[in-house]
2 protein chains.
Amino acid sequence: MFEVFQKYLSEKTTLTDTELEMIQSVSFTKKLRKRQYLLQEGDAWKHYCFVAKGCLRIYRVDQKGVEHIMKFCIENWWAGDRESLLTGSPSQCNIDALEDSVLILFKKEDYDELRKKIPAFDDMVNTLIHRSYIASQNRIHSAISYTTEEKYQNFIEKYPDIFSRVPLHMIASYLGVSAETLSRIRTHAARR
Amino acid sequence: MFEVFQKYLSEKTTLTDTELEMIQSVSFTKKLRKRQYLLQEGDAWKHYCFVAKGCLRIYRVDQKGVEHIMKFCIENWWAGDRESLLTGSPSQCNIDALEDSVLILFKKEDYDELRKKIPAFDDMVNTLIHRSYIASQNRIHSAISYTTEEKYQNFIEKYPDIFSRVPLHMIASYLGVSAETLSRIRTHAARR
DNA sequence: AAAAAGCCTTGACAATTGTCAAGGCTTTTT
DNA sequence: AAAAAGCCTTGACAATTGTCAAGGCTTTTT
């Protein structure tokens, strides 16, 4: 499965064979069956994790036991909890697999080492975090500005590939509305 | 006013006098009177901007003409639009001053040059973007998980210094609720 | 193959929120 | 000093949303 990651790298940057070999040598693969956990609340997260196949979901659970989905991660996305990774604190997130999945993992130290040794890799990672930040800002904008219907339409437009493989009640959770409300918005929208 | 930025730098990293001189030599100061604009929708944003004094607000305007506040920036915060900066596209944001303000600015190219030449500065900037991302994630969590009252309490806890100098209707906008609803939540909360 | 679990929709009703309007107080402008 | 603008609150009412419950369909498990 490393070839999926290799393809991803080749689309994002240019590496020599030696550099690619360095990257591969510190990577390791993990397979997750549907419903298995990659991370549970309270544990510290210490890796970088690339999704080569499948679909993960990152969520937090509130005091009432309700799950709130922070992110879906399909092929070519990165999963993990940056807060726990950066601060070393126990994670508030759970990550589990919505489908059987294959992941390419790096220990934080190895990954940081790669960034120091391979400038092109470092640049790529920099761009990545920038883009993640921008995506977050746009999601915040959606959350505070859009009506529920607009949030839903925006999600479909932006993530058609996620929309088609994830249950609707999870999309509702991601958008911050109840499953029933999303259902009603859908029937309402379909009628027009 | 550069000394405010210098103090900020000394708290975040360690630099030699030469490095500090390099940074100062490419920086420039801008003063903004209350209600003046730093950036208007449609213009490209090409700087990094540190707030040495005052208070700015970054907001977007929707189709109905309603403003939605993305961020408040007080002393020691960074203002700007990373999306426009990274992609070169025209900004969807407006930035204006809520108080008379003093800003330390860098052209993007100069800033990037500093990062290349000064590893400690580069590390600092890296940490900064990471923390910004984490803060965004937590705001998303608040937006999709909390009740309006919880969002409000969370804001006061996290940003007491912003809370005390910004009008309530702007905090309402930041939280994604109407000013009237926030007002009612406040009277309700005060009664207990 | 049968049973269980998961997913989505719909109804009923209560709770929350937005909108419009008005009024009082404070701050800014003239 | 007077006028204007900005800010916050409150009422009335409609619109939106959440919660609970039930039912039908599909997928997964036994």
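In what follows, every chain begins at residue 1, and chains take the letters A, B, ... in the order their sequences are listed.
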- Query: Within this structure, what is the CD-to-P distance between A:E150 and D:dT17, rounded to whole angstrom?
  - Reply: 11 Å

- Item | Heavy-atom check, side chain of B:M70 versus side chain of A:I140, under 4.5 Å | yes

- Would you indicate, yes or no, if C:dT16 has its OP1 or OP2 atom less than 4.0 angstrom from a side-chain nitrogen or oxygen of B:T147? no

- Task: Rounded to the nearest angstrom, tell me the gap between atom CD1 in A:I185 and atom P in C:dT10.
- Result: 13 Å

- Output all residues satisfying ring-ring contact (aromatic ring centres under 6.0 Å, His included) with A:H130, sequence neighbours left out; order by chain, then residue number. none

- Message: For D:dC8 and B:R186 - does any side-chain N or O of the residue sit under 4.0 Å from the phosphate oxygens OP1/OP2?
- Response: no

- Item | A:V177 vs B:A179, nearer the 5' end of DNA chain D by closest nucleotide | B:A179

- Parallel, tilted or perpendicular: ring planes of B:Y8 versus B:F5, cut at 30 and 60 degrees: parallel

Enumerate the protein-to-nucleotides 3-7 of chain D contacts in which both atoms are nitrogen or oxygen and the separation is below 3.5 Å.
residue, atom, partner, partner atom, Å
D:dC7, OP2, B:H169, NE2, 3.1

- Message: For the aromatic rings, using the six-membered ring if either is Trp, is the centroid distance between A:Y159 and A:F155 under 6.0 Å?
- Response: yes

- Please give, in whole Å, the distance from D:dC8 P to B:I171 CD1? 8 Å

- Query: For A:Y146 and D:dT16, what is the distance between atoms OH and P respectively, to the nearest whole Å?
  - Reply: 19 Å

- Note on the structure: Contacts of A:H141 meeting ring-ring contact (aromatic ring centres under 6.0 Å, His included) (sequence neighbours excluded), chain-then-number -> A:Y146

- Query: Using Watson-Crick and G-U wobble pairs with both distances under 3.5 Å, what is the 5'-to-3' dot-bracket string of DNA chain C, with [ ] for crossing pairs and | for pairs outside the strand?
  - Reply: ||||||||||||||||||||||||||||||

- Task: Using the test side-chain contact (heavy atoms from CB on, under 4.5 Å), find all partners of B:V61 that sit at least two apart in sequence or belong to another chain.
- Result: B:E41, B:Y59, B:E67, B:N94

- Message: Classify A:T148 by what it touches in the nucleic acid, base, sugar-phosphate, or nothing, heavy-atom distance under 4.0 Å.
- Response: sugar-phosphate

- What is the distance from NE2 of B:H188 to C1' of D:dT10, rounded to the nearest Å? 14 Å

- Calculate the interatomic distance between B:K151 atom NZ and C:dT17 atom P; express it in whole Å. 8 Å

- Message: Is any side-chain heavy atom of B:T181 closer than 4.5 Å to one of B:I185?
- Response: yes

- Message: For A:L39, run the side-chain contact (heavy atoms from CB on, under 4.5 Å) check against A:I58, A:D81, A:L56 and tell me which one passes.
- Response: A:D81

- Query: Between atom CG in A:L182 and atom P in C:dT9, what is the gap in whole Å?
  - Reply: 8 Å

Using a cut-off of under 3.5 Å, enumerate the N/O to N/O pairs linking the protein to nucleotides 19-24 of chain C.
residue, atom, partner, partner atom, Å
C:dC20, N4, B:E180, OE2, 3.2

- Message: Consider side-chain contact (heavy atoms from CB on, under 4.5 Å). Of A:L103, A:V51, A:D43, A:D96, which one does A:L38 pass it with?
- Response: A:L103

- Report yes or no: is the cationic atom of A:R186 (NZ for Lys, CZ for Arg) closer than 6.0 Å to the six-membered ring centre of A:Y152, at no more than 45° off its axis? no

- Task: Starting at OH of A:Y48, measure out to CG of A:L128 and round the result to the nearest 0.5 Å.
- Result: 9.5 Å

- Does the pair B:F121 and B:Y111 meet the rule for a ring pair (Phe, Tyr, Trp, His ring centres under 6.0 Å), with working shown? CA-CA 10 Å; B:F121 186 75; B:Y111 193 87; 5.4 Å; yes

- Message: What is the distance, to the nearest angstrom, from the CZ atom on B:R33 to the C1' atom on C:dT28?
- Response: 13 Å

